[in-house]
Amino acid sequence: MRKRISTLLAFLGLTLWFGLNANAQNTQMVYSYHHPDEPTSMWGTKKHENYDVAIHIKDASLVGSTITGIRVPLPDNVSGLKPKGAIFLTKTLSVKSNTNVADVEVDSFDVRAGIVEVDFQQPYTITDEGIFVGYSLSTSSDFDKTPIVVVAKSETDGFWIHTSRTYRKFTDKSATLKMVSAMEVLINTNLTDAATASLPDQFAAMGTTPTLNATITNKGCNGVQSVDYTLNFQGQSLSRHANLKTAIPGYFNSQATLPIELPEVVGSGQKTVTLTIDKVNGIDNLASNKEATSTLTAIAFIPTKRPLVEEYTGTWCGWCPRGFVGMENLNEEYGDDFCGVAYHNGDPMETISSTSFPNDVPGFPAAWIDRTHETDAYCGDAEDHRYHANVTYEQYRQEYGVADISVKATLADKTITATATTKFPASMEINDRYQLGFILTGNGFKGSGGDWAQTNYYYFGEGKKYTDADMNTFTNGGPSVSGLVYNFVILERSGIYGISNSLPASVSENEDNTYTYTFDLGKVSSVIAGQEKLTYDVIAILLDTQDGNRCVNAAKGHVTDITGITNISTDAKNAKAESFYSLDGKQLPAPAKGLNIVKMSDGSMKKMMIK
């Protein structure tokens, strides 16, 4: 059996290596889900068992290229591993009698610390059906419980795993474990300068020149510095050259974004955009698929998107202070465009039982954006002890908001009347797909006593890793922090889901649709009792019932208290009526029948009854 084994002292993680002559007919590339700038870590079941790890290679660009070997990353200490391992190629992952059975090839190798490079005895030519490539290790004791080198990210087909005790059938665990294998597959190919593109579907306002962000993916050995492409849109064919702002590194499947400016959008409706990558680095594109298409939908306007952020917290929760800070940061940054809701549990501000949360909350603290994306109210998706919630929030602000939405609300005699106005950029049939919901929140809660003091784990240990100044109240505090003012507290809502028939069965382009909902503060009198400086907001949300009740847009309105507004009288000195409003805060061209709110020239507000 022919094989070549080389051991590196340190795992450099070089995801692409190719020969001195990059233009040679057969150039060696490395296929890996691990990129050079990504740190690695160790994973294992912490049990004494056998491991089979694989990745799946199925890419049209690689059909006809040849797999020659594999680089197996191993821990620095291999004393807990058996001295022999195996590499394998298989079209189908199969387990018989709890043992991996490969249908193409299996070769052995000596287990050594670092990276072990092994040649397959019979090089394998990749076909369009794809191939699984992997390696097997066995533990000899409980000493090395995490022998698998991984990278912390999730990619389909990046981490197929079978073990003799824990994972008794092959499963792609990348999504659930949020990791991929760091193995590298050696491939001989004639692909040097090659790239593919993908385009997002997008909405654009008529009369604008929108920009599509194309994703350029490297399919060759060389990096990508420039592309020549042809753009076809609205009957026009445009040829352009573009130097990438950030060159794509020279490893397979690395990516960069290329802004594509479209000509002016003429007329409404769906339009096809076609992008063809003709050349890469001035050389004819060698990729098998050079063309990408997408659909651009031309509409009257682009709705303003405001994501809904729902945080789950409690004063008893020692890790929840970071959510407290993150929500305040988001509110400071986005102001009235921030639609934040805090669900308190097990403290004096609890109004909604945990069994009635709109999200599946595995533990506290937790946060969800638009009821579809679980994140952290402080770190966002970064998980690095820094404030990055705004980065994740901003990603959702870029999504299409379906319709513009606004909300006006007034308080009179413990009744809050909220009216949401929606405006769709195109005529469409709704048929109850989209529904409105309403959430009432209170700001300015404070109190004394242990139930109001926020338990704090950030003054010691792991909590001290939160070094930004915005966390000083807690990192410089003690085991509990008193005197906090709590905002965004949910008091009432129209329901977990939307209100059926809260929108017309069909809507017309650019026309207002209104719906009114009322809240009774008497239902939460025990929660707001003794709170002298509360203010209220109403958040109107637009839910898509055909997409798991995903929140597609939201808007926040401050509640105006009209309880104490006096009637207009003849002795109003020299003040004159300047403007007129309905009870829901909508300005009127003239007083209407019923009760009107009148703004006077001296700034005061009065009531006027028209019979």
Side-chain angles (χ1 to χ4, degrees), residues 11 13 15 31-58 70-78 80-81 85-88 90 92-95 98-100 102 115 130-139 142-185 253-255 319 359-369 372-376 379-385 388 392 462:
F11 181 21
T15 309
Y31 184 105
S32 180
Y33 287 85
H34 170 224
H35 296 169
D37 56 349
E38 296 170 336
T40 61
S41 60
M42 306 305 299
W43 174 86
T45 61
K46 299 184 179 181
K47 299 177 183 177
H48 173 42
E49 59 183 327
N50 303 330
Y51 292 84
D52 301 302
V53 182
I55 63 174
H56 192 209
I57 299 178
K58 186 175 182 180
I70 181 175
R71 290 178 182 153
V72 180
L74 295 173
D76 292 335
N77 184 347
V78 295
L81 297 175
I87 62 171
F88 61 87
T90 184
T92 304
L93 292 172
S94 179
V95 175
N98 205 21
T99 301
N100 173 36
I115 300 175
I131 188 74
F132 289 93
V133 188
Y135 65 93
S136 303
L137 297 173
S138 296
T139 58
D142 288 338
F143 176 77
D144 194 343
K145 297 179 179 179
T146 56
I148 308 302
V149 182
V150 295
V151 182
K153 63 180 179 181
S154 177
E155 289 192 31
T156 301
D157 283 335
F159 193 40
W160 288 87
I161 184 74
H162 161 259
T163 66
S164 56
R165 295 175 61 188
T166 306
Y167 302 104
R168 295 175 66 86
K169 66 177 182 179
F170 270 107
T171 308
D172 185 3
K173 301 298 291 184
S174 181
T176 54
L177 297 178
K178 296 183 178 179
M179 58 184 64
V180 294
S181 169
M183 76 174 75
E184 300 176 342
V185 180
N253 275 347
S254 52
Q255 296 178 331
W319 295 115
N359 295 115
D360 182 14
V361 180
F364 291 69
W368 291 75
I369 298 180
T372 58
H373 182 75
E374 185 177 6
T375 188
D376 187 275
C379 300
D381 294 346
E383 300 181 359
D384 64 351
H385 310 103
H388 291 303
T392 306
E462 286 291 306

Pairwise side-chain contact, Pro73 with His34, heavy-atom cut-off 4.5 Å (strictly under): no

Side chain to side chain, Val133 and Ile57, heavy atoms closer than 4.5 Å: yes

Partner set under side chain to side chain contact (heavy atoms under 4.5 Å, CB included) for Thr99, not counting sequence neighbours: none

Thr166 side chain to Thr163 backbone, donor-acceptor under 3.5 Å: no

pair Thr392-His373: side-chain heavy atoms closer than 4.5 Å: yes

Which residues share a side chain to side chain contact (heavy atoms under 4.5 Å, CB included) with His388, sequence neighbours left out: Ala382, Asp384, Arg386, Val391

Within-4.5 Å side-chain heavy-atom neighbours: Val185 and Ile55: yes

Listed partners of Ser136 passing side chain to side chain contact (heavy atoms under 4.5 Å, CB included), at least two apart: Asp52, Ala86, Phe88, Asn100

Asp376: salt bridge (Lys or Arg N to Asp or Glu O under 4.0 Å) partners, not counting sequence neighbours: Arg322

His48 and Lys145: CA distance, side-chain angles, deciding distance, side-chain contact (heavy atoms from CB on, under 4.5 Å) verdict: CA-CA 7 Å; His48 173 42; Lys145 297 179 179 179; over 6 Å; no

Heavy-atom pair with the smallest gap, counting every atom of Val361 and Ala366: CG1-CB, 3.9 Å

Min side-chain heavy-atom separation Val149-Met42 under 4.5 Å: yes

From CZ (Phe159) to OG (Ser154), nearest 0.5 Å: 11.5 Å

Distance-only side-chain donor-acceptor flag, Thr45 / Tyr51, under 3.5 Å: yes

Test side-chain hydrogen bond (donor to acceptor under 3.5 Å, both in side chains) applied to Lys153 - qualifying residues, sequence neighbours left out: Glu38, Glu155

Side chain proximity check, Glu374 to Asn359, heavy atoms < 4.5 angstrom: no

Pairing residues for Asp157 by the side chain to side chain contact (heavy atoms under 4.5 Å, CB included) criterion, not counting sequence neighbours: Tyr33, His56, Trp160, Asp172

Pairwise side-chain contact, Ile87 with Val72, heavy-atom cut-off 4.5 Å (strictly under): yes

For Ser174, side-chain hydrogen bond (donor to acceptor under 3.5 Å, both in side chains) partners two or more places apart: none

Results of side-chain hydrogen bond (donor to acceptor under 3.5 Å, both in side chains) for Thr375 - residues two or more places apart only: Asp381

Met179/Val151 under side-chain contact (heavy atoms from CB on, under 4.5 Å): CA gap, chis, key distance, verdict: CA-CA 5 Å; Met179 58 184 64; Val151 182; over 6 Å; no

Verdict with supporting geometry, Trp43 and Ile161, side-chain contact (heavy atoms from CB on, under 4.5 Å): CA-CA 11 Å; Trp43 174 86; Ile161 184 74; 3.9 Å; yes

Atom of Ala182, atom of Ser32 and distance for their closest heavy-atom approach: O-OG, 4.1 Å

Tyr31 and Glu184, any side-chain heavy atoms less than 4.5 Å apart: no

Thr90 side chain to Thr92 backbone, donor-acceptor under 3.5 Å: yes

Counterpart residues, side-chain hydrogen bond (donor to acceptor under 3.5 Å, both in side chains), relative to Asn98 (two or more places apart): His162

Glu49 and Thr139 side chains, donor-acceptor separation under 3.5 Å: no

Spatial distance of atom NZ (Lys58) from atom CZ (Phe132) [nearest 0.5 Å]: 9.0 Å

